[in-house]
Protein chains: 2
Amino acid sequence: MKQKLTISIQDYLKIIYELTESGESASTNALAKRMKISAPSVTGMIQKLASSKPPLVEYQKHQGVTLTREGRRAALEVIRHHRLLEAWLVQTLGYSWDEVHEEAERLEHVISEDFEQRIAAAMGNPDRDPHGELIPTADLKMPVDESLPLSALRPKQSATIQRVQSSDTDLLRYLESLGLVPGAVIEIKAYSAFDHNLTVRVGRKSAVLGLNITSRIFIEKN
Amino acid sequence: MKQKLTISIQDYLKIIYELTESGESASTNALAKRMKISAPSVTGMIQKLASSKPPLVEYQKHQGVTLTREGRRAALEVIRHHRLLEAWLVQTLGYSWDEVHEEAERLEHVISEDFEQRIAAAMGNPDRDPHGELIPTADLKMPVDESLPLSALRPKQSATIQRVQSSDTDLLRYLESLGLVPGAVIEIKAYSAFDHNLTVRVGRKSAVLGLNITSRIFIEKN
DNA sequence: AGAAAAATTTAGGTATACCTAAATTTTAGG
DNA sequence: CCTAAAATTTAGGTATACCTAAATTTTTCT
């Protein structure tokens, strides 16, 4: 019979998806670090995921994991829940984009499909969450993302912010205070090759941003 | 240190409160039946609740349990979550009163205090859920309920329905179809001493209701 | 009162999902 | 290329919250 998707399993699948998506490999250590649990715990769980029927991940010892088709579907379901919830907390309860993550993190595992459909419909089936992240469709396809990291831009180039890949409250508040939110139009004023700092203009304000930030903001060139 | 209020513990406390409230004793068997788990599991858990610091229940072997002050506070917190959620699912997502229970049952354990406050405020701090059940206040006091079971009425008496104590989808749908919802004004047309059936008029319709139903509908006399 | 029935508890066991310590495998640097 | 460091896995253990079977206590009924 089918593996029960416990909250813990849902979390693993989601994180594996996110790591893979962002180009990193879903290694035991990467998962352990991201989930704040020990490496042996991760090994145990990925072995379980790999030997479940049907398998949710592809796994070869010492080589990390990739999601199977079933694993990916389950991951996208959780991610859809998470991102719809974030959008909805902002739109209907007045949460700000730095407050939604934690709440969505807990709710994502317990809402019904009916609830998912109701909030999606109530919002007119949005395609992005408050951070600009794409929301998987109801049939669990992830829309193609065309954005580039802000760190790829150089002086004189202009772009529009598409999404901000962070759940760090302080960073999000800082970015919001600068106007660096999805939809904002920016222009690169300077680049420092030594530390990869970018000077970015938004409206009348300018800010110098380190790679730590510029690699988490995704844009499309204008 | 304080006992962590796991989902399981929250469920026990809630059920103990509800059983006690409705006059039944919170015995091992009653809990087991209501929670659909085995009696030995209940014994194990109530022993744990009784010996936690501070104790959440008062317990003497073979005598069932009652909530301590701390246990009652925790129970009321869960019940407040549950009832606010039910109200809110109806008011903002178009759920009907027979659909809300299951969803609220899962959400009640994971919402933050912030979320609780936001939905309460958004609804103008309602004092009743969609079934007419009283919602514990933000400082965790349960308002006093003055209602009587419908089963206590006799022919010629008239009353207003205050609350319907049920989460049974089919029953709730049936009652709604008859107009037997909170706020409805009813009049007793007949009583059968043999089976305790009551004939109840609501608007132009009349229905004959068994004790199973009349003991779960609570009214105030007009 | 005493025996049968019912309720409850004890004893012993399972699955999940963590943990640390130690062993092993892979990777990277001289 | 070979050894030290890093990554990963194995081994063995914990807490939570369930379970069944058997023992015990309480209640009920004649």
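Naming: A, B, ... by sequence-line order, numbering from 1 per chain.
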(request) Could you tell me whether B/R80 and B/E108 have a side-chain N and a carboxylate O separated by less than 4.0 Å? (result) no
(request) Take atom CE of B/M45 and atom C1' of D/dA15, then tell me their distance rounded to the nearest Å. (result) 12 Å
(message) Checking contacts here: which listed nucleotide (D/dT9, C/dT9, C/dT20) is nearest the side-chain heavy atoms of B/K61?
(response) C/dT9
(request) Write down the distance between NZ (A/K48) and C1' (D/dT9), rounded to a whole number of angstrom. (result) 18 Å
(message) Does anything in residues 4-34 of chain A come within less than 4.0 Å of DNA chain C? Heavy atoms only, and list the residues if so.
(response) A/T6, A/S8, A/Y12
(message) Under a 4.0 Å threshold between the charged nitrogen and the carboxylate oxygen, would A/R34 count as salt-bridged to A/E24?
(response) no
Strictly under 3.5 Å: I want the nitrogen or oxygen pairs between protein and nucleotides 21-25 of chain D, one per line.
none

(message) Return the CG to CD1 distance between A/L85 and A/I119, rounded to the nearest 0.5 Å.
(response) 4.5 Å
(request) Send over the distance from A/Q60 CD to D/dT8 C1', rounded to a whole Å. (result) 15 Å
(message) With a 4.0 Å cutoff (strictly under), does any side-chain N or O of A/Y59 reach OP1 or OP2 of D/dT9?
(response) yes
(message) One pair to check against salt bridge (charged side-chain N to carboxylate O under 4.0 Å, His left out): B/D129 and B/R163. What are the steps and the verdict?
(response) CA-CA 9 Å; B/D129 77 9; B/R163 57 192 177 92; over 6 Å; no
(request) Give the ring-plane orientation class for B/W88 versus B/F115, where under 30° counts as parallel, over 60° as perpendicular and anything between as tilted. (result) perpendicular
(request) Measure the distance from CG on A/L49 to P on C/dT16 and round it to the nearest whole Å. (result) 12 Å
(request) Check the distance between C/dC18's P and A/M35's CE and give it to me in whole angstrom. (result) 7 Å
(request) Would you tell me if any nitrogen or oxygen in the side chain of A/S41 comes within less than 4.0 Å of OP1 or OP2 on C/dC18? (result) no
(message) Closer than 4.0 angstrom, basic N to acidic O: yes or no for B/R72 and B/E77?
(response) no
(request) Before giving the answer on side chain to side chain donor-acceptor pair (under 3.5 Å), spell out for A/S112 and B/E103 the whole-Å C-alpha distance, their side-chain angles and the decisive distance to 0.1 Å. (result) CA-CA 7 Å; A/S112 66; B/E103 196 83 51; 2.4 Å; yes
(request) Identify the two heavy atoms, one from B/S41 and one from B/Y12, that lie closest to each other, and give their separation to 0.1 Å. (result) O-OH, 3.7 Å
(request) Answer with yes or no after comparing the ring centroid distance for A/H101 and A/H82 against a 6.0 Å cut-off, counting only values under it. (result) yes
(request) Determine: side-chain N/O of A/S38 to OP1/OP2 of C/dC19, distance under 4.0 Å, yes or no. (result) yes
(request) Take the C1' atoms of the five end pairs on each side of the helix from C/dA1-D/dT30 to C/dG30-D/dC1, get both axes, and report the angle to 10 degrees. (result) 0°
(request) Can you tell me the distance, in whole Å, between the CD1 atom of A/I46 and the C1' atom of D/dT10? (result) 13 Å
(request) Return yes if some donor-acceptor pair links the side-chain N/O of B/S52 with the main-chain N/O of B/L49 below 3.5 Å, else return no. (result) yes
(request) Mind listing the closest non-hydrogen atom pair of A/S151 and A/S215 along with its distance? (result) OG-CA, 4.0 Å
(request) Output the single nucleotide from C/dC19, D/dT9, C/dT10 whose closest atom is nearest the side chain of A/Q47. (result) D/dT9
